Amino acid sequence: MNWHEQNVKFNSLIKQLFHDEEWQKRADAARELGIMKEGRSVNLLCRALRSEEDHLVINKIIEALGRIGDGRATLRIIEKLQDELNASEIDRYRIIYIIEALKKIKDKRALEYIGTFLSSSDEEVKNLAQETFDAIEPNWKEIIKRERKINPRNF
């Protein structure tokens, strides 16, 4: 696919993401944008993440942002994580989508927010949080041990 064809496809997917009435088509557009790994779609996907109402489309947008792997998406995804944690009923799968996306982005700013899941009662979430820490900061366990020795009151 040449640049012009790719640009036409990109523009079509963005239009579909923001304007299609059917949630399935919006979700497919988000998924396709993630597959394309177009860096120029990050800001638009972040904007869609803020305005989208459908839960499945939100999950696909988060997944697409993770697949693209651009740090510009980190804060918007963390915002969704905080929204989810403040919700009356927490969606376990949304948490997993978010942690997986942050794992792929590898932005150290996410560690503070993922850290709460290191002691989760859900083994899958706990293991995913540990994998994410390993991906972002491979020697995080040694850092914690060193910090505990220096200032044990903070732990």
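In this text the structure is predicted, and so the values were computed from the model without any measurement. Residue numbers run from 1 in the order of the sequence given.
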Worksheet item: Would I90 end up clustered with I99 when hydrophobic side chains under 4.5 Å apart are linked, directly or stepwise?
Response: yes
Worksheet entry | Check: E137 and L111 side chains under 4.5 Å, non-hydrogen atoms | yes
Worksheet item: Do R47's NZ or CZ and the ring of F18 fall within the cation-pi criteria of under 6.0 Å and 45°?
Response: yes
Worksheet item: Under 4.5 Å between any side-chain heavy atoms of T74 and I78, yes or no?
Response: yes
Discussion item. Could you measure the distance from the CD1 atom of I98 to the CZ atom of F117? Nearest 0.5 Å is fine.
Written reply: 7.5 Å
Practice prompt. Only counting residues at least two apart or in another chain, list the ones meeting salt bridge (charged side-chain N to carboxylate O under 4.0 Å, His left out) with K103.
Written response: E131
Worksheet entry | Side-chain heavy atoms of L44 within contact of L33, under 4.5 Å | no
Worksheet item: Got a sec, which residues hit side-chain hydrogen bond (donor to acceptor under 3.5 Å, both in side chains) with R76, two or more places apart in sequence or on another chain?
Response: E79
Discussion item. Looking at R50, I want to see if its CZ is surrounded by more than 12 non-hydrogen atoms of other residues, nucleotides or ligands under 6.0 Å.
Written reply: no
Practice prompt. Would you indicate whether the side-chain heavy atoms of L81 and L85 approach each other to under 4.5 Å?
Written response: yes
Worksheet, complete the sentence: Taking every heavy atom of I61 against every heavy atom of A30, the minimum-distance pair comes out as CG1-CB, 3.8 Å
Worksheet item: Are L49 and Y93 connected in a single hydrophobic cluster, I mean Ile/Leu/Val/Met/Phe/Trp/Tyr linked by side-chain heavy atoms less than 4.5 Å apart?
Response: no
Worksheet item: Same cluster or not: are L56 and I95 linked, directly or through other Ile, Leu, Val, Met, Phe, Trp or Tyr residues, by side-chain heavy atoms under 4.5 angstrom apart?
Response: yes
Discussion item. Is it the case that over 12 heavy atoms from other parts of the model lie below 6.0 angstrom from the CD atom of E142?
Written reply: yes
Item to complete: Would you indicate whether K104, at its atom NZ, is surrounded by more than 12 heavy atoms from other residues, nucleotides or ligands within a distance under 6.0 Å?
Response: yes
Discussion item. If you define the side chain from C-beta out and look only at heavy atoms, does anything of I105 sit under 4.5 Å from I136?
Written reply: no
Discussion item. I'd like to know if E21 pairs up with R26 as an ion pair, taking the criterion as any Lys NZ or Arg NE/NH1/NH2 lying under 4.0 Å from an Asp or Glu carboxylate oxygen.
Written reply: no
Worksheet entry | Partner residues of H4 under the side chain to side chain contact (heavy atoms under 4.5 Å, CB included) criterion, sequence neighbours left out | N2, V8
Fill in: Partner set under ring-ring contact (aromatic ring centres under 6.0 Å, His included) for Y113, not counting sequence neighbours
none
Worksheet item: Do R94 and I62 have side chains that get closer than 4.5 Å, going by heavy atoms?
Response: yes
Worksheet entry | Any N59 side-chain heavy atom under 4.5 Å of E63 side chain | no
Discussion item. The criterion is salt bridge (charged side-chain N to carboxylate O under 4.0 Å, His left out); which residues satisfy it with D70, sequence neighbours excluded?
Written reply: R72
Fill in: M36 side chain reached by L13 side chain, heavy atoms, under 4.5 Å
yes
Worksheet entry | E123: side chain to side chain contact (heavy atoms under 4.5 Å, CB included) partners, not counting sequence neighbours | K126, N127
